[in-house]
Structures are given as structure tokens and as C-alpha cells.
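Just so it is clear, the values below take in all heavy atoms, side chains as well, and ignore hydrogens, waters and symmetry mates. In this text, all values refer to a predicted model and were calculated from it rather than measured experimentally.
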Amino acid sequence: MDYLYRDEWSMFPFLSMELACSQEPTAGHWYGGQYVQDLMQMEPRADDIVDIMMNQKGRLYVCGDAKSMASSVNRVLHSLLKRKLDISMAKAKEIVQEW
């Protein structure tokens, strides 16, 4: 596993890191792990994400495949906001875009 910026993390004790591994680190084969977008939807993580976005002016950093994973993460953010805040999908997309 490549823990990007591992040494720097210790300088920020308030940071939280979640690891999602969907493939074997060496062979790149699916082994039944979880995708980051799966973990984002689990409680209490989903509540934490919405709270960070809406109340704490926080940031969410996701490292991974920019082609497919980034769009999946965006869809999950839209869905979380829609469900947790009881707003329209259009409003959820607007919030993510402005965030």
C-alpha cells in the first residue's frame, strides 16, 4: 500500500483517514474489498461527511482513479446530501459544486 503523505499526517492530529481497498495491493485483482463510495454511504460516516460539508467548512480528499471513481464519489455526495438534508437532487448538486 502507498500511504500518500503518511509522514505529514502526524502534524495534523485532527485529520481522519479512511482506507478503502478494492484490489490486492500487488496483483491488482478484485478480492471483495470495498470501494470508497461504498464506505462513504455507511453510518455514521455518511452523517460525518454531511456535517463536515455543511457545518464545519471542512474538506474531503479522495485519492484514486480520476476517471470512474471521481464521478462515483460525486454521485454519492449528491445522494447523501439529498437524503440527509431532504433536498432536491438539483440543490444537492449545486451544494457540491459550490463546496
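Met89 and Ile87 fall into different hydrophobic clusters, where Ile, Leu, Val, Met, Phe, Trp and Tyr side chains are chained together by heavy-atom contacts under 4.5 Å.
Between Ile95 and Met54, some side-chain heavy-atom pair lies under the 4.5 Å cut-off. Contact of the Val36 side chain with the Val76 side chain is not registered, since no non-hydrogen atoms from C-beta on lie closer than 4.5 Å. In this structure, the side chains of Met53 and Val96 come closer than 4.5 Å at one or more pairs of heavy atoms.
To the nearest 0.5 Å, atom CG of residue Leu60 and atom CH2 of residue Trp99 are 4.5 Å apart.
Applying the side chain to side chain contact (heavy atoms under 4.5 Å, CB included) test to Ser79 and every residue at least two apart in sequence or in another chain returns nothing. For the side chain to side chain contact (heavy atoms under 4.5 Å, CB included) test, residues two or more places apart in sequence or in another chain that qualify with Arg75 are Ser71, Ser72. Remark: Lys91 pairs with Glu94 by the salt bridge (Lys or Arg N to Asp or Glu O under 4.0 Å) rule, at least two apart or across chains.
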Side-chain donor/acceptor pairs under 3.5 Å, residues 39-52, sequence neighbours excluded:
{"residue": "Gln41", "atom": "NE2", "partner": "Gln37", "partner atom": "O", "Å": "3.1"}
{"residue": "Glu43", "atom": "OE1", "partner": "Lys84", "partner atom": "NZ", "Å": "3.4"}
{"residue": "Glu43", "atom": "OE2", "partner": "Lys84", "partner atom": "NZ", "Å": "2.6"}
{"residue": "Arg45", "atom": "NE", "partner": "Glu18", "partner atom": "OE1", "Å": "3.4"}
{"residue": "Arg45", "atom": "NH1", "partner": "Leu39", "partner atom": "O", "Å": "3.1"}
{"residue": "Arg45", "atom": "NH2", "partner": "Glu18", "partner atom": "OE1", "Å": "3.0"}
{"residue": "Asp47", "atom": "OD1", "partner": "Lys84", "partner atom": "NZ", "Å": "2.8"}
{"residue": "Asp51", "atom": "OD1", "partner": "Asn55", "partner atom": "ND2", "Å": "2.7"}
{"residue": "Asp51", "atom": "OD2", "partner": "Gln56", "partner atom": "NE2", "Å": "2.4"}

